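Data block below; observations after.
Predicted model, so just to flag it, every value in this text is computed and none were measured. Counting starts at 1 for both ligands and their atoms, in listed order.
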Amino acid sequence: MRPIVIVPACTRDFGEHPYHAAQHKYVDAIVLGADCAPMILPSLGKDLDLETMLQLCDGIMLTGSASNVHPSYYSEEVLDPSLPQDPARDETTLPLIRAAVGRGIPIIAICRGFQEMNVALGGSLHQAVQLVEGKFDHRENPELGMDEQYGDAHKIQLTPGGMLHAIVGADEIPVNSLHGQGVNELAPGLVIEARAEDGLVEAFSVGAAPGFTLAVQWHPEWRITHNPYSMKMFGAFGQACRDYRARKQGRP
Ligand SMILES: N[C@@H](CCC(=O)NCCCC(=O)O)C(=O)O
């Protein structure tokens, strides 16, 4: 039996009907990279039976999304109302993150998921990184094809001696970049695992968490089997989920 990894959905309207949706590349990475069983979790917010979901799962993946975490969660007004939001996803993931970290449930978080973790644990975001003095524009060019949009965009420097440095086995790696927002104030207790060349935090872990936690701003799920660094990251996450499941079942 493979460990179950829950994937909180984005809410989207397809025609007249609202859906709970997750992109294929994320759930595919859980299978191909972590050798776990993905299960998309409807973002029901306060109506979600959080306890049942936490009992059921052996890991959590927080995906990217074009939508932004609502800035009211870090006491700011919306800077650009034309950008998409997903309140139902916020209401689902932010309490889920806090509960899961406390229980040691393994978490891998990507892009929006990375930003959700920082906000859920008490941090804040730059709502438009490109407007911050000294920071690059980290957004993708939407006029390019997908392979170019998800291609290498810049390098990141991994924190020497850090968890991600140990997993990846390199001091510096190239990453893609498809985000307009980014970490401003890092939440208390988060450990920086990588920074971009402009100093922006690109990866962190939760220092005191009893379980595996890895949050990254880029997209390791993209064509995961073609990227050895991504396969190492997801491999470590998958092993953490297997270990968590074994402990839950009282096995060594
Ligand atoms: N909206 C946030 C997060 C950006 C993000 O997750 N981009 C990926 C969207 C498409 C995908 O899931 O691959 C921001 O703009 O910073």
- Item | Qualifying ring pair (Phe, Tyr, Trp, His ring centres under 6.0 Å) pairs, either residue in residues 23-63, two or more places apart | none
- Query: Which pairs pass ring pair (Phe, Tyr, Trp, His ring centres under 6.0 Å) with one or both residues in residues 73-115, sequence neighbours excluded?
  - Reply: F114-F204
- Task: Hey, could you give me each pair passing side-chain hydrogen bond (donor to acceptor under 3.5 Å, both in side chains) that has a residue in residues 108-131? Not counting sequence neighbours.
- Result: S67-R112, E76-Q127, R89-E116, D90-R112, T93-E116, R112-E116, Q115-Q217, S124-E185
- Item | Residue shell around ligand 1, heavy atom under 4.0 angstrom | Q23, K25, Y26, G64, S65, A66, S67, N68, C111, R112, Q115, Y150, L178, H179, G180, Q181, H219
- Output, in order, the C-alpha distance, side-chain angles, deciding distance and verdict of side chain to side chain donor-acceptor pair (under 3.5 Å) for H179 and Q181. CA-CA 6 Å; H179 62 105; Q181 306 203 338; over 6 Å; no
- Note on the structure: The reported gap from CG in L50 to CG in L96 (rounded to nearest 0.5 angstrom) is 5.5 Å
- Task: Find the distance between CG (L41) and CG (L48) and round it off to the nearest 0.5 Å.
- Result: 5.0 Å
